[in-house]
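Input: a single structure, listed below in structure tokens.
Every number for a ligand or one of its atoms is a count from 1 in the order of the listing.
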Amino acid sequence: MKHPEDDPQYQGLKVNKGIPQPPSVNPQLKKRSRRQYTVDEYVDGILSGNIPMLSQAVTLVESANPEHQDVAQAIIEKCLPHSGKSIRVGITGVPGAGKSTSIDAFGMYLIKQGHKLAVLAIDPSSERSKGSILGDKTRMEKLAVEKNAFIRPSPSAGSLGGVARKTRETIILCEAAGFNYVFVETVGVGQSETAVHSMVDFFLLIQLAGTGDELQGIKRGIMEMADGIVINKADGDNIEKAKMAQRHFKNALHLYPLPESGWTPEVLTYSGYYGIGIEEVWDMIHRYIDFVKQNGYFERRRNEQSKYWMYETINERLKNDFYRDEEIEKLLPRLEEEVLSARKSSFVAANQALQQYYRRRNKI
Ligand code: GDP
């Protein structure tokens with residue numbers, strides 16, 4: 001049937017069959033291949049700053065698959081000589097303290113100076129929720145669209161030790177890919193601070209003013225780990241309160257012994273949201289780095305960290321091997337029952353499990 005719109009008098013209204021499809025806006029989409037690269041291809045890609053290759057290598061680091069792990073370890077070993085040249089900053093604070101807002105602001109400050117920044121995260125809760133909020137791109141709107149920023153959420157599976165090891169290995173890959181600043185974010189409420197502290201050069205604690213007791217929610221241990229404390233949201237009506245909190249924290253820090261670095265932690269106020277005082281925070285971090293490089297602590301801390309991670313990796317591997325052993329998996333519930341019904345002591349049961357494990361190992 002002839003459509004009335006096709007009549008010559010309505011030519012201007014001609015309905016087209018369709019419009020040409022615009023080209024893909026994501027140039028990576030076409031290049032993506034399912035092919036597994038060789039170790040050398042990964043390493044070349046990472047060293048030339050190829051971000052999709054870096055991302056895929058990080059996925060291998062995070063994988064529980066033993067084959068992936070072997071490839072990941074080989075990549076890490078080859079990247080190791082090209083790593084270590086970044087400034088690694090740990091950032092912690094309770095939820096709502098403004099970590100993402102601040103990381104966005106701190107990160108943009110660096111990017112504008114021509115630096116390359118990787119933002120990683122350690123989020124122990126992601127173990128349960130099977131997905132991490134920390135390090136999520138949507139939380140850092142400005143950085144998310146910067147080509148010189150690489151944002152990676154927390155690895156989600158495994159124990160805190162395992163998650164932290166993966167993040168530390170990811171730091172090595174990011175450094176090899178040319179990122180000269182690395183942030184490792186964590187929530188300031190649990191054990192994960194110790195893990196982050198053991199992989200960074202500067203540990204920054206973000207605090208808030210006006211919550212009544214200023215030390216609320218922050219464990220003494222975390223205060224002691226901090227190389228700098230920054231009080232966020234020092235804007236509008238909150239400036240005076242932030243200054244009060246600053247005095248409060250300075251006084252509290254006086255009660256602690258001087259840290260091994262020889263550096264007295266500083267307390268600053270700033271506003272991540274309005275971008276006030278960001279330069280001062282970076283000035284503090286850079287002064288600290290200069291200071292510890294000069295007195296030798298920088299090198300010493302990194303060496304200590306390498307040693308710590310060697311033992312952590314051994315511990316994790318031993319534990320995994322033991323608990324993943326098929327027979328041990330079957331034996332443990334039985335032993336547990338015997339311990340609970342007081343037929344065996346904890347010590348005897350543990351010994352029995354270990355002996356069985358070693359006997360099996362010797363046979364292999
Ligand atoms: P996170 O949970 O620690 O990552 O905190 P967010 O960065 O998500 O910030 C929590 C809330 O505080 C958000 O509503 C932010 O807009 C707000 N916020 C963050 N930084 C500032 C700041 O400097 N000033 C003010 N007034 N609000 C801020």
ask   = Counting heavy atoms only, which of Ile231, Asp104, Thr101 comes nearest to atom 7 (O) of ligand 1?
value = Thr101
query = How close do Val182 and Ser86 get, heavy atom to heavy atom, and via which atoms?
reply = CG2-OG, 3.6 Å
ask   = Do any nitrogen or oxygen atoms of Pro95 lie less than 3.5 angstrom from nitrogen or oxygen atoms of ligand 1?
value = no
inquiry  = Per the ring-ring contact (aromatic ring centres under 6.0 Å, His included) rule, what does the pair list look like for residues 307-351, sequence neighbours excluded?
reply    = Phe322-Tyr357
key: Selection from Gly272, Gly98, Gly277, Gly93 by shortest heavy-atom distance to atom 9 (O) of ligand 1   = Gly98
query = Between Trp282 and Tyr109, how do the two ring planes meet: parallel, tilted or perpendicular, split at 30° and 60°?
reply = parallel
message = Quick check on Ile103 - does any of its heavy atoms sit under 4.0 Å from an atom of ligand 1?
response = no
query = If you measure from atom 4 (O) of ligand 1 to every heavy atom of Ala97, Ser271, Gly96, Ser100, which option wins on shortest distance?
reply = Ser100
key: Nearest-option assignment for atom 25 (C) of ligand 1, heavy atoms, candidates Val94, Asp235, Ile206, Leu208   = Asp235
ask   = What atoms in ligand 1 come closer than 4.0 Å to a heavy atom of Arg139?
value = 4 (O)
Polar contact flag, side-chain donor to acceptor under 3.5 angstrom, Ser154-Asp123 = no
ask   = salt bridge (Lys or Arg N to Asp or Glu O under 4.0 Å) with Asp201: which of Arg302, Lys85, Arg301?
value = Arg302
query = Side chains of Ser261 and Arg300: do they bring a donor and an acceptor to under 3.5 Å?
reply = no
query = Is the shortest N/O to N/O distance between Glu185 and ligand 1 below 3.5 Å?
reply = no
